[in-house]
Amino acid sequence: MRIAELTGWAIPAAMNQNWDHTYVTSSLGDAWGCYGRSAGGMRLVWHPGDRDVADCLARPDQMAGIRYGVTGVCHQMANRILYPANRILVSTARGYPWSRKLWRDYGLGPWPERTGCYSSEPTSSTAGGSSPPGGRRAASSRGSAVAQDDHLDPHLDWRRTAAEHGIPLTGPVIDRLAAADRELKDRQTRLIFRLDNHLIEPDTYLAELNAAVRDYLRTARSVLGGSAYTSIFGSDATDPGGLIDQDVFLASEAARSPATRPGGGAGGAMP
């Protein structure tokens, strides 16, 4: 175990100025780019943590087990790498409320790397990692293979969001927002299924996901009103362009072997 200060950074995205790319560094000289740049920008969060566990969680290729544009983006990658630093989040990055609606804090689907990195016996994918005090015991309490519940109750989520921002939302308003959340999740899940089963090409997936997010954001703005929408989402924009970098996404999908694509997203069966 090597303790270092782990820091989450934000850099304005080239594709959309309402959006930040995030990455992580350590005070021991590490830089995990989260599939993007790894220098410059603004320091968002920092906390001491196990550098070796962070490095283990970042693998492979500094993507922290995230399938870019499908189970998460750089925000979720950074959060995973920062997990041993008291579970701090890059939640103040611009665009984070948008990405969280799609992929939550730690990305969709299983997170087996967390189990391996907190295990006393490194696996082939986590060789060189370090276990925290407690070894296997820590793996059971802190190293679950599930990132989080992908199906958080949207009513509860909106009540929590309203409280965090000090915005009073009535029951009927929360009902409408929760319905919009469920529709977005349904469209996203079906798109992942179609992508994994070769029913659509990656460019079609991206275009349709952007359309789903655009529809969702417009509904949310209409229901919340401009002031509350801007307070919660950090911008009055409703165009998700740049949420997923098209060139990066298409290159990432092209690099995947045909054997790994089916079922490689958040789920392999049509809901």
Side-chain angles (χ1 to χ4, degrees), residues 1-10 22-36 38 43-93 96 99-100 102-152 252 256 260 263-268:
M1 175 191 295
R2 286 185 288 174
I3 299 299
E5 184 174 83
L6 303 181
T7 301
W9 298 79
T22 56
Y23 69 96
V24 179
T25 64
S26 84
S27 57
L28 295 180
D30 303 284
W32 299 284
C34 303
Y35 220 48
S38 58
R43 202 159 75 133
L44 295 181
V45 289
W46 54 93
H47 197 277
D50 189 328
R51 174 267 169 205
D52 294 326
V53 171
D55 185 56
C56 178
L57 290 170
R59 301 176 188 182
D61 303 325
Q62 301 182 11
M63 293 178 68
I66 292 290
R67 180 179 170 189
Y68 182 79
V70 178
T71 64
V73 288
C74 59
H75 295 168
Q76 288 70 36
M77 296 177 196
N79 285 343
R80 287 189 174 195
I81 298 169
L82 289 168
Y83 191 84
N86 202 37
R87 305 184 188 182
I88 55 176
L89 304 171
V90 292
S91 55
T92 55
Y96 189 90
S99 77
R100 185 179 179 276
L102 288 170
W103 302 295
R104 304 287 306 286
D105 291 322
Y106 292 105
L108 300 183
W111 188 5
E113 293 82 5
R114 184 166 62 175
T115 300
C117 293
Y118 278 103
S119 170
S120 59
E121 296 180 5
T123 65
S124 60
S125 64
T126 60
S130 168
S131 61
R136 288 188 180 280
R137 186 174 181 182
S140 65
S141 61
R142 299 166 59 190
S144 167
V146 178
Q148 75 260 298
D149 180 4
D150 293 342
H151 303 287
L152 175 69
S252 177
R256 293 176 61 82
T260 62

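Here, residue 1 is the first one in the sequence, and each next residue gets the next number.
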Seminar exercise, completed: CZ of R59 to CD1 of I81, rounded to nearest 0.5 Å, is 11.5 Å
Problem set entry | Non-neighbouring partners of S26 that pass side-chain hydrogen bond (donor to acceptor under 3.5 Å, both in side chains), sequence neighbours left out | D30
Exercise. Rounded to the nearest 0.5 Å, what separation is found between the CE atom of M77 and the CG atom of L57?
Worked result: 13.5 Å
Seminar exercise, completed: In terms of heavy-atom contacts, L6 and D50 come closest through CD1-O, 4.3 Å
Exercise. Nearest 0.5 Å, what's the CZ-CZ distance between R256 and R67?
Worked result: 4.0 Å
Problem set entry | CA sep, side-chain torsions, deciding dist, call: V90, V45, side chain to side chain contact (heavy atoms under 4.5 Å, CB included) | CA-CA 7 Å; V90 292; V45 289; 4.3 Å; yes
Exercise. Below 2.5 Å, is that where the SG pair of C117 and C56 sits?
Worked result: yes
Exercise. Residues two or more places apart in sequence or in another chain: which of them pass side-chain contact (heavy atoms from CB on, under 4.5 Å) with S38?
Worked result: Y23, A31
Seminar exercise, completed: Correct closest heavy-atom pair for C34 and C74 would be O-CB, 3.7 Å
Problem set entry | Donor-acceptor contact below 3.5 Å, side chain E5 vs main chain S27 | no
For this session: Could you tell me whether a side-chain N or O of R80 sits under 3.5 Å from a main-chain N or O of A64, the two making a donor and an acceptor?
Result: yes
Exercise. Closest heavy-atom contact between W9 and T25?
Worked result: NE1-OG1, 2.8 Å
Problem set entry | Separation of W111 CH2 from Q76 CD (nearest 0.5 Å) | 11.0 Å
Exercise. Who passes side-chain hydrogen bond (donor to acceptor under 3.5 Å, both in side chains) against T7, sequence neighbours left out?
Worked result: none
Exercise. To the nearest 0.5 Å, what is the distance between CG (L102) and NE2 (H75)?
Worked result: 12.0 Å
For this session: Applying side-chain contact (heavy atoms from CB on, under 4.5 Å), name anything that partners T92, two or more places apart in sequence or on another chain.
Result: L44
Exercise. Of all heavy-atom pairs between R114 and Y83, which one has the smallest distance, and what is that distance?
Worked result: NH1-OH, 3.1 Å
Problem set entry | Where I66 and G107 come nearest, the two heavy atoms and their spacing | CD1-CA, 3.9 Å
Problem set entry | Nearest heavy atoms of G65 and P60, plus distance in Å | N-CD, 4.2 Å
Seminar exercise, completed: Residues passing the side-chain hydrogen bond (donor to acceptor under 3.5 Å, both in side chains) test with Y96, sequence neighbours excluded, are N79, D105
Exercise. Taking only residues at least two apart or on different chains, which pairs with a member in residues 47-70 satisfy ring-ring contact (aromatic ring centres under 6.0 Å, His included)?
Worked result: Y35-Y68
